[in-house]
Structure formats: structure tokens, C-alpha cells
Amino acid sequence: MRSRDDTDEFDVPSSGSFGDDELTAQLFRSAFAPPTGSKNVTRRWREMTPEQSQEVWGSLFSWVRWLVATYQLTTSVVPDCWWRHPEIVAELYALQRAELASYTTDDPGFGPLAFHERLPHAVERLRVHTRTAGCVGLQVHKEPAPRILADDDPAFLEWRKAAHQLVAEF
């Protein structure tokens, strides 16, 4: 009688056929490979059509509700007005896409682990963005003031004409 713990039931390459680095790469390859044939496309916010934007917002809102409830995230991580802060939206969208990509049909199970290893870092970045936004302390939404850099500054126009890479002199 065979048990479910028998290793010959799993497709694990032996370390004799690969070096340690190649074995690690084989085990984690699907966690970092793009999904094949996926209908879920990651888009740049600034390049979306109004139709794409509406679809993405609906999906993201549902996902953020799930994330907040599942991981019991407080308003110091995801404020109630998260959708009004582009930096928080960008972080949550990236996290949503990472979570979706971690559950592909070709993943042997390392994708969800990779997502959960990245989650604390994303939560900390969200905490910083939320603190910077200032909405939680005020208990009301604080409209973000966009900072637009001038592209016609004479000093910059002159600066961009020159090469600024260090050249090895040896």
C-alpha cells in the first residue's frame, strides 16, 4: 500500500540533474512567469480607455473589499477613500494583479506563497501612502494636491544636453 507521501508521485527534479540555482529556478519558475492565455490583462492606468477603466475599477473595488475583509486591514492601511488616492490605487492594483497571477493553472503552488511573502511589504507601503495622504487622522478625506514638475525649466533644458554618466579613467 502506497501513501500520499511517496515522492515518486510528484514531479520534482533531482538535485543531481541541476545545480542548486537551477533547481531553485525550476521550482519557482511558474511563480514569476506570465500566465499563458490569460484574459486578465494588466493595464497602465494612464493608458486605459473609459470602458477599460470602468471594468478595472469594478474588479478592483470588489477585490479591495475582499482583501480588507480577509486580512482585516484597518483604515491606517486602506482608508475608506482609497479610490481617491492614485498612489494607493496603484499599490492596490499591483497587489491585485500579483494575487491573480499567483493562481495560474501551471503553478505548482509557489505562486500563492510568493504573493504572501510580498504582502507584508505592500501593506507597509500602503501604510506609508495612507499616512502621507492624511485622511485617517482627520477622519475625513483630504484631497491630494498633485505635484507637476515643470519641463521647461531652462536649467533642466541645459542639463539634459550633456552626458552625466561617470566615465572610467583607468
Side-chain angles (χ1 to χ4, degrees), residues 4 7 9-13 15 17-139 141-149:
R4 295 184 74 65
T7 57
E9 291 183 24
F10 300 97
D11 185 21
V12 177
S15 60
S17 61
F18 298 111
D20 286 343
D21 290 342
E22 182 58 26
L23 178 61
T24 301
Q26 287 289 332
L27 290 173
F28 287 94
R29 190 171 322 277
S30 66
F32 303 104
T36 55
S38 175
K39 292 182 182 179
N40 295 321
V41 177
T42 301
R43 302 183 185 280
R44 286 187 181 102
W45 285 98
R46 65 185 177 272
E47 296 173 357
M48 283 188 226
T49 66
E51 295 80 19
Q52 292 167 335
S53 178
Q54 188 171 2
E55 181 181 329
V56 169
W57 274 112
S59 171
L60 181 60
F61 189 85
S62 296
W63 186 85
V64 170
R65 285 184 68 187
W66 166 84
L67 179 76
V68 167
T70 301
Y71 294 96
Q72 300 177 359
L73 301 177
T74 64
T75 58
S76 66
V77 176
V78 179
D80 293 340
C81 58
W82 65 269
W83 45 273
R84 296 180 74 177
H85 297 279
E87 70 282 13
I88 295 172
V89 170
E91 187 72 41
L92 288 167
Y93 183 64
L95 195 55
Q96 177 203 32
R97 305 316 297 170
E99 193 262 344
L100 288 171
S102 71
Y103 289 92
T104 60
T105 57
D106 65 337
D107 182 75
F110 293 106
L113 179 62
F115 170 76
H116 284 97
E117 288 173 344
R118 289 177 175 90
L119 184 59
H121 300 290
V123 166
E124 188 54 37
R125 287 190 302 270
L126 284 164
R127 209 175 249 119
V128 168
H129 291 313
T130 299
R131 187 172 36 250
T132 302
C135 298
V136 175
L138 297 174
Q139 297 300 317
H141 172 69
K142 178 182 170 189
E143 193 63 34
R147 180 175 171 226
I148 310 297
L149 298 176

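Heads up: numbering here begins at 1 and tracks the sequence.
- For E124, the salt bridge (Lys or Arg N to Asp or Glu O under 4.0 Å) partners two or more places apart in sequence, or in a different chain, are R127.
- Side-chain atoms of H85 and C135, non-hydrogen and from C-beta on, do get closer than 4.5 Å to each other.
- Using a 4.5 Å cut-off on side-chain heavy atoms (C-beta onward), P112 and D107 make contact.
- Legend: residues meeting ring-ring contact (aromatic ring centres under 6.0 Å, His included) with F115, ordered by chain and number and at least two apart, are absent.
- In terms of the salt bridge (Lys or Arg N to Asp or Glu O under 4.0 Å) criterion, residue partners of R44 (sequence neighbours excluded) are, by chain and number, E47.
- Taking CG of L92 as the start and CZ of R97 as the end, the distance is 13.0 Å to the nearest 0.5 Å.
- Under 3.5 Å, the side chains of T132 and E87 contain no donor-acceptor pair of N or O atoms.
- Legend: residues meeting side-chain hydrogen bond (donor to acceptor under 3.5 Å, both in side chains) with W66, ordered by chain and number and at least two apart, are T70.
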Next item on the list: Give the intermediate values and the outcome of side-chain contact (heavy atoms from CB on, under 4.5 Å) for residues I88 and W83.
Entry: CA-CA 7 Å; I88 295 172; W83 45 273; over 6 Å; no
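- In this structure E91 satisfies the salt bridge (Lys or Arg N to Asp or Glu O under 4.0 Å) test together with R125, sequence neighbours excluded.
- Looking only at side-chain heavy atoms (C-beta outward), T130 and V78 stay at 4.5 Å or farther from each other.
- Separation of atoms CG (L60) and CG (L67) is listed at 10.0 Å; rounding is to 0.5 Å.
- Using modelled atom types, one side-chain atom of S102 and one backbone atom of E99 make a donor-acceptor pair closer than 3.5 Å.
- Heavy-atom neighbours of E55 CD from other residues, nucleotides or ligands within 6.0 Å: at or below the threshold of 12.
- Residues W57 and S59 have side chains not in contact (no heavy-atom distance under 4.5 Å, counting atoms from C-beta outward).
- Distance check, rounded to the nearest 0.5 Å: CH2 of W82 to CG of L126 gives 11.0 Å.
- Take R43 and apply the salt bridge (Lys or Arg N to Asp or Glu O under 4.0 Å) test, not counting sequence neighbours, and it matches no residue.
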